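Single-structure report; data block below.
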Number of protein chains: 2
Amino acid sequence: MKRNYTSEDVAKLAGVSQSTVSRVFAGTTQVSEKKKKKILEAATKLQYRPNAHARSLTTRKSSMIGIIVRNIRNPFYSAVLEIFHRRLSALGYHLIFINSENEKIQDKEIGQLLDYRIQAVIITDALIASAAAEKLKQHGIAVFLFNRYTKHSNNTAVYCDNYLAARQIATYLIELGHKSFAFISGPHDTSTTVDRLKGFREVLEKNKIKDFIVEAGHYTYESGYKLAQELMLRCKDIDCIFCGNDIIALGAMDAIRVMGFKIPEQVSVVGFDNIDMSDWPAYSLTTWEQPVEEMIEWVVRKISGHPDEKNNKGETIMMKGHLVIRNSVKSRK
Amino acid sequence: MKRNYTSEDVAKLAGVSQSTVSRVFAGTTQVSEKKKKKILEAATKLQYRPNAHARSLTTRKSSMIGIIVRNIRNPFYSAVLEIFHRRLSALGYHLIFINSENEKIQDKEIGQLLDYRIQAVIITDALIASAAAEKLKQHGIAVFLFNRYTKHSNNTAVYCDNYLAARQIATYLIELGHKSFAFISGPHDTSTTVDRLKGFREVLEKNKIKDFIVEAGHYTYESGYKLAQELMLRCKDIDCIFCGNDIIALGAMDAIRVMGFKIPEQVSVVGFDNIDMSDWPAYSLTTWEQPVEEMIEWVVRKISGHPDEKNNKGETIMMKGHLVIRNSVKSRK
DNA sequence: ATAATATTTGAATACGAATTCATAATTATA
DNA sequence: TATAATTATGAATTCGTATTCAAATATTAT
């Protein structure tokens with residue numbers, strides 16, 4: 001392989017010392033214009049690029065950021081990944097991507113992230129959050145929980161106010177005259193599910209509505225499809241379903257339609273996330289939009305502003321979002 | 001920050017030399033069982049993990065692999081990324097993710113990939129392929145084009161036989177008695193588009209069919225929607241549309257239905273890729289399935305088998321795939 | 001038991017850039 | 001113009017692991 005040139009080579013060609021070359025590329029100290037120009041010329045000629053490993057070795061940090069995504073096949077997270085990449089790469093960071101489906105791989109990979117002395121890790125996976133966060137923080141890596149939080153620990157987290165959102169959705173459905181409610185959720189042990197359920201249930205109870213069924217599954221299309229199917233078979237009088245997220249909702253809608261029910265005429269469906277597909281005419285799903293851009297913006301600012309873990313004191317930020325009304329809900333009055 | 005322990009620390013605690021510790025973790029040379037055990041104990045006690053940068057610095061390579069995805073919001077590529085990650089992380093590699101929307105960022109980021117002396121780059125982006133591949137290869141980084149190839153150069157590439165696929169799709173549509181054809185494609189300057197168009201057109205010509213309209217756009221839902229809309233307005237006698245990929249097809253289907261046409265009764269639609277959504281009952285899209293798992297498998301084997309660029313001689317592999325028949329096409333006989 | 005061979009081990013060095021510290025060159029001040 | 005205060009520069013060292021080379025130890029053959 002064509003050997004890569006080093007700062008030493010550039011120094012020789014430019015007639016300066018290695019230190020000076022380093023200074024030009026690190027941009028830490030002033031270098032006279034004259035030498036700077038010579039150095040840059042020499043560097044261009046040799047196609048020199050600083051070795052990132054050597055740099056990270058001395059500086060004890062890298063410009064890498066880990067991003068752990070629960071399920072990249074969920075369009076919500078594809079979008080999140082896309083935005084994070086756009087923002088962070090513009091700032092010179094590199095994303096190490098980890099899709100976490102299976103806990104075993106996770107653990108190993110988190111260890112490997114440590115090996116790279118990465119600067120921060122963004123975690124969008126509820127199941128992995130606490131344990132991993134602890135381990136990473138022990139090693140001085142800043143951890144950001146995205147779209148989830150952990151109660152007991154002092155993690156830095158940004159998430160949407162799921163409780164409030166669920167309350168507003170419930171209120172909306174009640175106001176439109178719905179009588180028989182169902183909630184098809186994700187795993188029951190995640191903060192998102194818990195909060196959404198809590199908010200929804202509270203409003204129902206306050207309105208003395210007993211007719212409420214909860215089905216927990218996964219945040220996937222298949223899960224939504226299957227649970228909706230079972231639900232509609234068992235309880236034919238259901239007139240509205242709140243789904244844990246959009247991809248569940250799409251699955252539910254398809255199942256319901258396949259069974260011959262009309263949406264929204266017979267059953268109203270509400271999702272959560274406002275992924276691209278919920279706007280497709282085939283679904284036109286009423287859903288809750290998370291302020292994704294702002295949530296990401298907040299994380300990015302934290303990362304770039306406070307590179308080290310010292311400032312990672314466990315700030316938790318909650319954002320609101322809003323209801324996007326489309327055509328999957330119909331007034332029952 | 002709690003300083004990270006080094007092999008030196010482990011050596012001291014275990015009463016051996018740093019070299020021996022290194023040998024245990026690098027796994028290059030034999031170390032006596034006795035010392036090995038002591039070292040591992042000491043390492044566990046200190047929570048020692050080898051510094052990946054130091055390692056990469058001496059070995060002159062890293063276990064990082066870049067993956068450049070054209071548009072991660074396209075579910076086809078989410079799936080591809082997911083599979084690549086599953087395979088490669090199991091082999092101890094790390095994925096640096098790059099979403100390429102905008103050419104400027106690309107160039108800069110490719111440069112940065114060089115800084116990490118990454119082992120290989122997987123490129124799924126047609127627009128970036130040639131230039132980037134050249135630059136990367138110059139620096140001794142193995143390049144793998146996925147789902148595309150470049151004519152003139154000797155790049156290693158794996159892709160689906162688009163030409164053959166398009167021929168079979170055309171044949172299938174003709175056999176079912178379709179008379180008026182349209183092709184809604186992606187950008188006209190990508191190998192995928194060119195090959196699919198060529199195959200499709202050839203079969204039509206062979207069958208003396210002149211009634212053929214081509215609309216080029218992007219590989220997005222929006223583009224499919226818009227072009228289908230225009231198409232149906234202009235040529236109301238179209239009875240089948242071949243779409244450049246599934247996400248275009250979904251957009252096209254929605255547009256067509258919104259305009260009041262029935263699929264497949266009035267218009268047949270065929271996609272390409274067989275993404276998850278094409279199986280959703282709302283679409284039930286007949287499409288061409290690329291042998292994604294095998295394509296990825298091939299790349300992974302190349303990467304893990306031949307770590308350096310010497311063996312990157314520009315092998316191009318074409319795989320077949322097959323038609324998945326669903327309900328978006330109807331016989332016109 | 002001894003010689004011959006094979007296996008482990010440690011000391012020293014390399015990898016490539018950043019940084020400290022001391023010196024040289026420049027600029028500002030009197 | 002001489003001196004003080006800055007600024008730019010280079011030599012030497014450091015980061016943490018891998019590896020070479022030579023010495024030490026263990027193993028096998030005789």
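Quantities reported herein were computed from a predicted structural model and do not represent experimental measurements. In what follows, every chain begins at residue 1, and chains take the letters A, B, ... in the order their sequences are listed.
For A:Gln30, the side-chain atoms get nearest to D:dA8 when compared with the rest of C:dA18, C:dG10, D:dA8. Here D:dT19 is the nucleotide among D:dT19, C:dA17, C:dG10 with the atom lying nearest to any side-chain atom of B:Thr28. Nearest nucleotide to the B:Pro50 side chain, out of C:dC15, C:dA17, D:dT17: D:dT17.
The aromatic rings of B:Phe97 and A:His85 lie perpendicular to each other, with more than 60° between the two planes, well past the 30° mark. Taking the six-membered ring for Trp and thresholds of 30 and 60 degrees, B:His53 and A:His53 have ring planes inclined between 30 and 60 degrees apart.
The phosphate of C:dA17 (OP1 or OP2) has no side-chain N or O of A:Arg49 nearer than 4.0 angstrom. The shortest distance between the side-chain N/O atoms of A:Thr20 and the OP1/OP2 oxygens of D:dG10 is below 4.0 Å. Contact annotation: B:Ser17 side-chain N/O to C:dT9 OP1/OP2 distance is not under 4.0 Å. For C:dA17, the OP1/OP2 oxygens have no side-chain nitrogen or oxygen of A:Thr58 closer than 4.0 Å. When the side-chain nitrogen and oxygen atoms of B:Lys35 are compared with OP1 and OP2 of C:dG10, one or more of them lie within a distance under 4.0 Å. Between D:dT9 and A:Ser32, a contact under 4.0 Å exists linking OP1 or OP2 to a side-chain N or O. For the OP1/OP2 pair of D:dG16 and a distance below 4.0 Å, the side-chain nitrogens and oxygens of B:Tyr48 include no atom meeting the criterion. In this model, the phosphate group of C:dG16 is approached by a side-chain N or O of B:Arg60 to a distance below 4.0 Å at OP1 or OP2. A close approach under 4.0 Å does occur between a side-chain nitrogen or oxygen of B:Ser22 and OP1 or OP2 of D:dA18. Note on B:Ser7: a side-chain N or O is less than 4.0 Å away from OP1 or OP2 of D:dT17.
Applying the 3.5 Å distance criterion, the base of C:dA11 shares no donor-acceptor pair with the side chain of B:Gln18. For A:Arg23 and D:dG10, a side-chain-to-base donor-acceptor distance below 3.5 Å is present, hydrogens and geometry of angles not being considered.
Each of A:Thr29 and B:Val31 lies near DNA chain C, and the nucleotide nearest B:Val31 is the one positioned closer to the 5' end. Two residues, A:Ser19 and B:Ala54, neighbour DNA chain C, and the one matched to the more 5' nucleotide by heavy-atom proximity is B:Ala54.
The pair A:Glu82-A:Arg86 meets the salt-bridge criterion, since a charged nitrogen lies less than 4.0 angstrom from a carboxylate oxygen. Look at B:Glu297 and B:Arg301 and you find a salt bridge, because one of the NZ, NE, NH1 or NH2 atoms lies within 4.0 Å of a carboxylate O, short of that distance. Using a 4.0 Å cut-off between charged side-chain N and carboxylate O, A:Lys36 and A:Glu41 make no salt bridge.
Residue-level contact check: A:Val16 touches the backbone only, with heavy atoms under 4.0 Å from sugar-phosphate atoms and none from bases.
Whole-Å rounding puts the A:Phe25 CZ to C:dT19 P distance at 15 Å.
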